[in-house]
Amino acid sequence: MVDDVIIASYVRQPMIAHDMSNDKEIAVPLAPRLDETDVRILGYLADDARLSQRAIARAVGMSPPAVADRISRLETLGVIRGYRAEIDYALLGRTLTVVVGITSERSDNQRELAQKMLAIPEVEAVDLVTGKDDLRVRLRVRDQPHLNEVYFERLLTLPGIRHTETTLVLYGFTPDNFAKQVLGSLTTTQEEA
């Protein structure tokens, strides 16, 4: 008999967080319980999201319908949020990466401001952060004139921005497969416990 190994059972009770922007409490989703097979399936998908369910089933020693059920459950739980291609933006002409730190005029409009920024096609991500900035915006642009256009004609025209600090990214370092690292740490954490 194989014991079910619980990899992630971080929270037993619902967590409540305080939403500073509208002074309300919000429920934070609980971390779902994942067993070793779930983590292995996620690992295969993290390596290659185009793998067939049949190939994953062979690798984990299950039937394809059982793997399909597991993947469907992981999608329903929100653990798997989508399947995307990894794109080299430089090959698409977006050779400059710029990070703009933004101080907003009011803290209660930061989410709205972030949503407006996401409507700008060159904006890769917007993070609400702590520290001297309220938001960090990551831009992908072609060159300096393109940066000037995006920065002065689109970003700075948004209402609610008090101050910005712009940083040019010289080199970007990311792990080859961050999802795989996180999954490995879940297994490692369980083995240490």
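Just so it is clear, the values below take in all heavy atoms, side chains as well, and ignore hydrogens, waters and symmetry mates.
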Is there a side-chain contact (heavy atoms from CB on, under 4.5 Å) between Asp134 and Leu128 once you walk through the steps? CA-CA 6 Å; Asp134 296 320; Leu128 272 66; over 6 Å; no
Minimum heavy-atom separation for [X] and [Y], please, with both atom names.
X      : Y      : result
Asp88  : Ala90  : OD1-N, 3.1 Å
Gln181 : Pro175 : OE1-CB, 2.8 Å
Gly43  : Leu183 : N-CD1, 3.4 Å
Ala68  : Gln53  : CB-OE1, 3.1 Å
Asn109 : Gly160 : ND2-CA, 3.8 Å

Just wondering, do [Y] and [X] contact through their side chains at under 4.5 Å, heavy atoms?
X      : Y      : answer
Leu74  : Thr76  : no
Thr167 : Val98  : no
Val141 : Tyr151 : no
Ile161 : Ser104 : no
Ile71  : Val67  : yes
Glu124 : Arg94  : no

Is [X] reaching over with its side chain to a backbone N or O of [Y], donor-acceptor style, under 3.5 angstrom?
X      : Y      : value
Arg81  : Glu75  : no
Ser185 : Val182 : yes
Asn177 : Ala46  : yes

My understanding is that only one of Thr37, Ile56, Leu34 makes a side chain to side chain contact (heavy atoms under 4.5 Å, CB included) with Arg70; could you say which?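 Of the listed options, the one satisfying the test is Thr37.
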Using side chain to side chain contact (heavy atoms under 4.5 Å, CB included) as the criterion, point out the one residue from Thr97, Leu92, Val150, Thr95 that pairs with Arg140.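 Only one option passes, and that is Thr97.
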Taking side chain to side chain contact (heavy atoms under 4.5 Å, CB included) as the test, write out the residues that go with Asp133, two or more places apart.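 With neighbours one apart ignored, the set is Thr103, Val129, Arg136.
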Test of understanding: clusters of I, L, V, M, F, W, Y form through side-chain heavy atoms closer than 4.5 Å, transitively. Do [X] and [Y] belong to the same one?
X      : Y      : value
Val169 : Ile102 : no
Ile120 : Leu96  : yes
Tyr83  : Ile41  : yes
Phe152 : Leu155 : yes
Leu118 : Val99  : no

Presence of salt bridge, [Y] and [X], under 4.0 angstrom:
X      : Y      : value
Arg154 : Glu122 : yes
Asp108 : Arg106 : yes
Glu112 : Lys116 : yes
Arg73  : Asp38  : yes

Evaluate Glu165 against Lys132 for salt bridge (Lys or Arg N to Asp or Glu O under 4.0 Å), listing each step before the verdict. CA-CA 10 Å; Glu165 185 173 315; Lys132 72 175 188 159; 2.7 Å; yes
Could you measure the distance from the [atom1] atom of [X] to the [atom2] atom of [Y]? Nearest 0.5 Å is fine.
X      : Y      : atom1 : atom2 : value
Ser107 : Leu113 : OG    : CG    : 12.0 Å
Glu105 : His163 : CD    : NE2   : 13.0 Å
Ser63  : Arg54  : OG    : CZ    : 10.5 Å

Trace of the side chain to side chain donor-acceptor pair (under 3.5 Å) decision for Gln144 with Asn148: CA-CA 6 Å; Gln144 185 66 42; Asn148 290 345; 3.0 Å; yes
